[in-house]
Each structure stands twice: as structure tokens, then as C-alpha cells.
Number of protein chains: 2
Amino acid sequence: MFKLNKMTDYAVVMMADMARMTDDMRTAPQLAEATGVPLPTVSKLLKNLANAGLMQSQRGASGGYSLSRAPEDISVAEIIAAVEGPIALTACVDGSPDQCGVETICAMRGNWDKVNRAVRGALEQVTLADMMVSAFEFGIPAPAERAGAAS
Amino acid sequence: MFKLNKMTDYAVVMMADMARMTDDMRTAPQLAEATGVPLPTVSKLLKNLANAGLMQSQRGASGGYSLSRAPEDISVAEIIAAVEGPIALTACVDGSPDQCGVETICAMRGNWDKVNRAVRGALEQVTLADMMVSAFEFGIPAPAERAGAAS
DNA sequence: TCAAAAGGTACCAGATTAGTACTGATTGCG
DNA sequence: CGCAATCAGTACTAATCTGGTACCTTTTGA
Ligand code: FES
Ligand code: FES
């Protein structure tokens with residue numbers, strides 16, 4: 001596992017599709033058509049992304065959505081956080097009310113946070129723009145310079 | 001989300017608990033007692049970990065499990081991979097038969113692999129030993145004053 | 001030979017997700 | 001001014017998956 005929800009996958013696909021025409025303002029039905037994702041689902045995703053500040057929405061007639069940042073300025077970490085909530089691999093990060101259930105005898109209560117930070121750091125290195133470039137150059141030997149793990 | 005399954009959480013807790021007494025050979029019931037995880041579940045986890053080569057198992061009477069490596073030589077990436085399968089955030093990594101469902105028009109088919117590698121790299125930096133050290137140096141106070149969750 | 005413990009398979013129930021539907025709010029345009 | 005297009009929010013349902021349990025087999029030391 002460790003695979004993210006289909007929702008997040010859709011979100012990234014949608015934003016990548018949108019990154020190619022930043023000027024344009026796309027509507028939800030347009031995006032649904034372009035990505036093949038069912039319209040209601042697209043709508044829900046767009047809303048979340050807009051709430052997270054990754055998208056700008058224009059309400060009235062002839063409204064729509066547009067990216068609020070440049071593709072290379074949007075990390076997948078942000079997208080994931082927008083759709084799935086904060087990036088936390090486990091429940092026992094800092095002071096959550098209900099931990100993982102075994103916290104009574106767990107010797108490493110706060111240490112999961114270390115892992116979380118490592119993953120988050122890695123995810124922040126990959127941007128939307130990164131998701132499209134290599135389709136052309138495709139010579140990626142080492143994608144991440146050992147991101148994260150900064151204690 | 002982005003939280004890993006409770007199973008993985010258990011697995012790490014178990015291995016961490018075990019890392020303190022490498023000499024000893026622990027049995028599944030012992031570990032279940034020590035971690036508070038239900039015995040059948042512990043058994044299942046142990047089996048997976050043993051299959052992945054992270055544990056050594058001794059079958060007959062007075063058998064049990066023991067770590068096959070030093071704690072600082074076991075990364076959480078390995079543990080996750082053992083329990084959850086290979087680390088792949090999405091289905092559309094390289095040549096999986098059934099992609100994420102929108103791959104027909106997706107512009108970045110193979111680019112998710114970049115993300116996967118970044119995360120995997122980050123996870124490989126954190127070892128079992130890392131999960132225990134800060135429990136002492138961080139000065140974590142007794143956190144479990146709340147009503148018992150697991151009986 | 002017996003008992004303890006690992007190994008394996010199959011199954012069920014609860015939780016979570018993905019998707020749908022409906023209703024309300026905002027705004028450009030005729 | 002009113003209509004229609006579009007975003008916004010909530011609620012609901014069905015399907016999937018996970019976590020957990022039960023049962024049985026194999027191994028091996030006493
Ligand atoms: S409290 Fe969950 S791993 Fe320690
Ligand atoms: S095929 Fe799944 S994201 Fe492109």
C-alpha cells in the first residue's frame with residue numbers, strides 16, 4: 001500500500017492538465033471532460049483545492065477555476081494536503097486524542113513525527129511542473145536529493 | 001490521510017519493542033502481551049516480517065522470533081514494504097496493467113514514479129534505532145493520563 | 001509421544017472511501 | 001430585473017478495503 005487515494009490522483013491529474021493553460025479559466029464540466037473523471041467528483045475536488053488556496057474560483061456565470069500559482073511553485077505535498085488533509089502517517093504524532101491504540105506501552109510516542117517530516121519534505125521537493133517535464137527528457141537518474149530526514 | 005495502516009504501525013511498535021532485547025527470542029504471545037496488540041494480529045504481522053527477512057523464526061517448541069539485523073540497520077521503509085507491499089503511491093508507476101483509470105489522457109504517466117522514489121528515499125533514512133533514541137533525549141512527559149483507550 | 005509455537009488459509013464485520021444527489025449562493029448578461 | 005450558468009455546501013448511499021478472528025497444519029524440543 002502506501003498508495004494515496006484515487007481522489008488525490010485525480011487532483012494531481014486535473015491540476016497537471018490545467019497547468020498547461022494557466023491563462024484560461026476552466027469550468028468543472030470542462031475539466032471533467034478533459035480528465036475523464038466523473039463531474040460530481042471533479043466538482044468536489046475543485047472545491048477542496050480552491051479552499052486550500054491552490055486554485056482561484058470565480059463564482060457567477062462564465063466563472064470557473066484557475067491555478068493561483070505557477071506549476072513549479074505547487075508541490076504535490078500541497079495537493080495531497082488539500083485533498084487528504086495534513087500529511088501524517090500515523091495517528092500518534094504529537095497530541096492527538098486517540099492514538100494508535102497501543103500508546104500506553106509504546107516507547108516511541110513522538111518519533112513518528114520524524115518519519116512524517118521526512119516524507120513531507122520529500123513530497124515538497126516534487127512540484128507540479130516536475131510531473132510534466134520528464135515526459136520529454138526522461139533521463140532521471142536521481143530525482144530527489146535525499147530530501148527530508150532533516151531530523 | 002497519507003496515514004499508513006494500523007498494521008504497519010503495529011509492526012513498527014513490535015519491532016521497536018523487540019529491538020531492546022536482541023538476544024532474546026520472543027514468542028508471538030509474549031509480543032502480544034508486551035504491545036497490547038491482539039495475538040492473532042501479532043502472529044500475522046510476525047509472519048510477514050519473517051517472510052521479508054526482517055525477522056528470523058524458529059519453529060518448534062520453545063521457538064520464537066528475533067530480529068535478523070541491528071535496529072539501526074532496519075529502515076522503516078523495509079518494514080512498510082514488508083507489511084504493506086512495495087512502496088508505490090499510485091497505480092500508474094511504470095507498466096501496471098490497470099492504471100489509475102484516467103491514464104488514457106494523462107500527460108504524466110510515468111512521473112508518479114518520481115514521487116514514489118522521493119518518498120521511498122525519505123523513508124529509508126529513518127531506521128528503527130531512530131525511532132527510539134529521541135524518547136530519551138526529547139524529554140517526553142508521561143502522556144497517558146487520559147482514560148484508557150484499549151482497556 | 002506430547003505440547004508449544006510457527007505457518008497458512010479462509011472468513012466475517014466494521015470502517016472508510018468513492019461516488020451521487022440535492023439544494024443554496026453568487027454573478028454576468030440579455 | 002430576471003434568468004441562467006457556475007460555484008458552494010451538505011447529506012446520503014453503495015462498494016471496497018482493512019482489521020480482526022477462527023481453524024487447521026507443520027515443525028521440533030522435552
Ligand atoms: S503511540 Fe502509536 S506508535 Fe507509539
Ligand atoms: S496514469 Fe494515473 S496519474 Fe497518469
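Order of the sequence lines fixes the chain letters, A, B, ..., with proteins taken first and strands second; residue numbering starts at 1 for each chain.
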In whole Å, I'd like the distance from the [atom1] atom of [X] to the [atom2] atom of [N].
X: N48(A); N: dG9(D); atom1: CG; atom2: P; result: 10 Å
X: Q30(A); N: dT6(D); atom1: CD; atom2: P; result: 8 Å
X: K47(B); N: dA10(C); atom1: NZ; atom2: C1'; result: 11 Å
X: L39(B); N: dC23(D); atom1: CG; atom2: P; result: 14 Å

Answer whether the closest heavy-atom distance between the side chains of [X] and [Y] falls below 4.5 Å.
X: V37(B); Y: L45(B); answer: no
X: Y65(A); Y: M18(A); answer: yes
X: E124(B); Y: V76(B); answer: no
X: T127(B); Y: D73(B); answer: no

Is any side-chain nitrogen or oxygen of [X] closer than 4.0 Å to OP1 or OP2 of [N]?
X: Y10(A); N: dA18(C); answer: no
X: S57(A); N: dA8(D); answer: yes
X: S43(A); N: dC7(D); answer: no
X: Q58(A); N: dG28(C); answer: yes
X: Y65(A); N: dT6(D); answer: no

Nearest to the side chain of T27(A), heavy atoms from C-beta on, is which of dA5(C), dG29(D), dC7(D)?
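Of dA5(C), dG29(D), dC7(D), dC7(D) is nearest to the side chain of T27(A).
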From C-beta outward on S62(A), which listed nucleotide comes closest to its side chain: dC7(D), dG19(D), dG28(C)?
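Nearest to the side chain of S62(A) among the choices is dG28(C).
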Does the dT26(D) base have a donor-acceptor partner in the side chain of R59(B) within less than 3.5 Å?
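Present.
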Donor-acceptor pair present, K44(B) side chain and dG19(D) base, under 3.5 Å:
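Per atom types, no contact qualifies.
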So what does P40(B) touch, heavy atoms closer than 4.0 Å: a base, only the sugar-phosphate, or nothing?
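The answer is base, as P40(B) lies within the cut-off (heavy atoms under 4.0 Å) of a base atom.
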Closer to the 5' end of DNA chain D via nearest nucleotide, is it A61(A) or A50(A)?
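Closest to the 5' end, via its nearest nucleotide, is A61(A).
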